[in-house]
Colleague: 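Provided herewith is a single structure, encoded as structure tokens, for subsequent inquiry.
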Amino acid sequence: MKKVITYGTYDLLHYGHVNLLQRAKELGDYLIVALSTDEFNWNMKQKKCYFPYEERKRLLEAIRYVDLVIPENSWEQKISDVKEFKVDTFVIGDDWEGKFDFLKEYCEVAYLPRTPEISTTQIKEDLKK
Ligand code: C2G
């Protein structure tokens, strides 16, 4: 079984996220999403989530491409996650291009093109109009 892992906040889930998850799943048979916890988002990414972790987790678990959701609590957990879950491929959007090349020692690393026209920030701004 070829395992794929990806990481993210996935708050205000939108089709750009689903596009990423669909392509990530196409790279293997089993997709793990390490979902940023509320604390990690706030402390490390200065992101205040609209939906709390448990709701974001439930949304992701309802997506057909996702097989397992685990918490992302720190920047440093990726290597241990790859080892613990015997991951073959790490995937993330190309807004992170190059940032996780250190994982190449442990697994394949793929940066996939983002869906350019949509972002949570854009959604929030449009809703204010
Ligand atoms: N994404 C995308 N297209 C968009 C928006 C997001 O392909 N229009 C992708 C991102 O590149 C990322 C995933 O969807 O791979 C989740 O996006 P975010 O929730 O914004 O993730 P981020 O906050 O970048 O967290 O340790 C890594 C971080 O946790 C990544």
Side-chain angles (χ1 to χ4, degrees):
M1 177 194 297
K2 195 155 187 234
K3 290 188 173 179
V4 182
I5 196 166
T6 191
Y7 293 72
T9 301
Y10 289 94
D11 188 47
L12 287 196
L13 189 66
H14 55 68
Y15 68 87
H17 296 133
V18 174
N19 286 347
L20 189 284
L21 296 170
Q22 179 176 10
R23 285 173 292 156
K25 184 60 177 282
E26 285 165 2
L27 297 176
D29 314 290
Y30 188 88
L31 176 59
I32 303 167
V33 180
L35 182 61
S36 311
T37 60
D38 298 339
E39 298 73 17
F40 179 66
N41 272 308
W42 182 244
N43 298 331
M44 306 310 287
K45 295 199 263 185
Q46 291 70 50
K47 279 187 173 183
K48 185 167 178 4
C49 289
Y50 185 79
F51 293 123
Y53 175 82
E54 284 309 319
E55 295 309 331
R56 291 184 286 119
K57 179 172 185 279
R58 204 148 68 107
L59 284 166
L60 282 176
E61 288 170 339
I63 295 173
R64 70 176 68 185
Y65 310 117
V66 177
D67 296 290
L68 175 68
V69 180
I70 63 171
E72 177 184 30
N73 297 298
S74 76
W75 292 116
E76 292 75 32
Q77 72 183 72
K78 294 182 175 66
I79 292 173
S80 56
D81 288 347
V82 167
K83 288 179 179 175
E84 179 185 347
F85 292 97
K86 298 180 177 53
V87 167
D88 299 282
T89 307
F90 166 89
V91 177
I92 201 159
D94 61 4
D95 44 320
W96 292 91
E97 185 78 39
K99 297 287 191 307
F100 302 114
D101 287 355
F102 64 87
L103 289 170
K104 286 180 178 174
E105 199 178 324
Y106 306 95
C107 64
E108 296 288 311
V109 173
Y111 300 102
L112 302 177
R114 281 171 66 93
T115 304
E117 75 277 7
I118 187 164
S119 70
T120 301
T121 310
Q122 189 63 54
I123 293 170
K124 288 177 180 172
E125 278 165 18
D126 288 353
L127 287 174
K128 284 179 193 159
K129 287 174 186 163

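Every number for a ligand or one of its atoms is a count from 1 in the order of the listing.
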Colleague: Out of Trp96, Phe100, Tyr7, indicate the one that has the non-hydrogen atom closest to atom 24 (O) of ligand 1.
Modeller: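 Of the listed residues, Trp96 has the closest heavy atom.
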Colleague: Are the side chain of Ser74 and the backbone of Glu76 linked by a donor-acceptor contact shorter than 3.5 Å?
Modeller: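 It does hold such a pair.
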Colleague: Does Tyr7 have Lys78 sitting over its ring (NZ/CZ under 6.0 Å from centre, angle to axis within 45°)?
Modeller: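 Yes, cation above the ring, under 6.0 Å and within 45°.
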Colleague: Do Gln77 and Asp81 pair up side chain to side chain, a donor and an acceptor below 3.5 Å, judged on atom types alone?
Modeller: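 Looking only at side-chain atoms, Asp81 and Gln77 do form a donor-acceptor pair, the distance falling under 3.5 Å.
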Colleague: Quick check: does Lys47 get an N/O under 3.5 Å from an N/O on ligand 1?
Modeller: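 Right, the criterion is met.
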Colleague: Using a strict 4.0 Å cut-off to heavy atoms of His17, name the atoms of ligand 1 that fall inside it.
Modeller: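 Counting from 1, the qualifying ligand atoms are 6 (C), 14 (O), 16 (C), 17 (O), 19 (O).
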Colleague: Just which atoms of ligand 1 are under 4.0 Å from any heavy atom in Trp75?
Modeller: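 Those qualifying, in numeric order: 26 (O), 27 (C).
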Colleague: For atom 9 (C) of ligand 1, what is the nearest protein heavy atom, given as residue, atom name and distance?
Modeller: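 So the nearest neighbour among protein heavy atoms is Leu20 CG, 3.9 Å.
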Colleague: If you measure from each non-hydrogen atom of His14 to ligand 1, which part falls under 4.0 Å: side chain, backbone, both or neither?
Modeller: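 Answer for His14: side chain.
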Colleague: In this structure, which one of Arg56, Lys48, Lys57 forms a salt bridge (charged side-chain N to carboxylate O under 4.0 Å, His left out) with Asp38?
Modeller: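 Answer after filtering Arg56, Lys48, Lys57: Arg56.
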Colleague: Which atoms of ligand 1 sit under 4.0 Å from any heavy atom of Gly8?
Modeller: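 So the answer, numbered in order with elements, is 19 (O), 21 (O), 25 (O), 29 (O), 30 (C).
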Colleague: Which ligand 1 atoms does Lys78 reach within 4.0 Å, using its non-hydrogen atoms?
Modeller: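 Ligand 1 atoms under the 4.0 Å threshold to Lys78: 26 (O), 27 (C).
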Colleague: Of all heavy-atom pairs between Gly8 and Lys45, which one has the smallest distance, and what is that distance?
Modeller: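 The answer is C-NZ, 4.3 Å.
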Colleague: Taking non-hydrogen atoms only, is Ile118 closer than 4.0 angstrom to ligand 1 via side chain, backbone, both or neither?
Modeller: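 Both backbone and side chain.
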Colleague: Any atoms of ligand 1 less than 4.0 Å from a non-hydrogen atom of Gly93? List them with their elements.
Modeller: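 That gives atoms 11 (O), 15 (O) of ligand 1.
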Colleague: Just by distance, no angles: are the side chains of Tyr15 and Gln22 close enough, under 3.5 Å, to form a donor-acceptor pair?
Modeller: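 There is no such pair (donor and acceptor under 3.5 Å, judged by atom type) between the side chains of Tyr15 and Gln22.
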Colleague: Judged by non-hydrogen atoms, does Thr115 sit under 4.0 Å from ligand 1?
Modeller: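 It does; at least one heavy atom falls under 4.0 Å.
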Colleague: Between Arg23 and Glu26, does at least one N-O distance fall below 4.0 Å, as a salt bridge requires?
Modeller: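 Salt bridge: no.
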Colleague: Can you report which non-hydrogen protein atom sits closest to atom 26 (O) of ligand 1, along with the distance?
Modeller: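 Its nearest protein heavy-atom neighbour is Glu72 OE2, 2.6 Å.
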Colleague: Identify, by atom number and element, the atoms of ligand 1 in contact range of Ser36, meaning under 4.0 Å from any of its heavy atoms.
Modeller: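 What qualifies from ligand 1 is 29 (O).
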Colleague: Going by the angle between their ring planes, with limits at 30° and 60°, are Trp75 and Trp96 parallel, tilted or perpendicular?
Modeller: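 Tilted: the ring planes of Trp75 and Trp96 meet at 30° to 60°.
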Colleague: Given Glu117, Arg114, Lys45, which one has a non-hydrogen atom that is nearest to atom 28 (C) of ligand 1?
Modeller: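 That would be Lys45.
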Colleague: Which of the atoms in ligand 1, numbered in the order shown and given with their element, are less than 4.0 Å from a heavy-atom of Asp95?
Modeller: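 Those of ligand 1 that fall under 4.0 Å from Asp95 are 10 (C), 11 (O).
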Colleague: At a 4.0 Å threshold, what atoms of ligand 1 neighbour a non-hydrogen atom of Tyr10?
Modeller: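 Within the 4.0 Å cut-off of Tyr10, ligand 1 contributes 13 (C), 16 (C), 19 (O).
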Colleague: Please state whether the rings of Phe102 and Phe100 are parallel, tilted or perpendicular, taking 30° and 60° as the class boundaries.
Modeller: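 Perpendicular, since the angle between the ring planes exceeds 60°.
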Colleague: Is it true that a side-chain atom of Thr89 and a backbone atom of Val4 form a donor plus acceptor pair closer than 3.5 Å?
Modeller: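 Not a single qualifying donor-acceptor pair exists.
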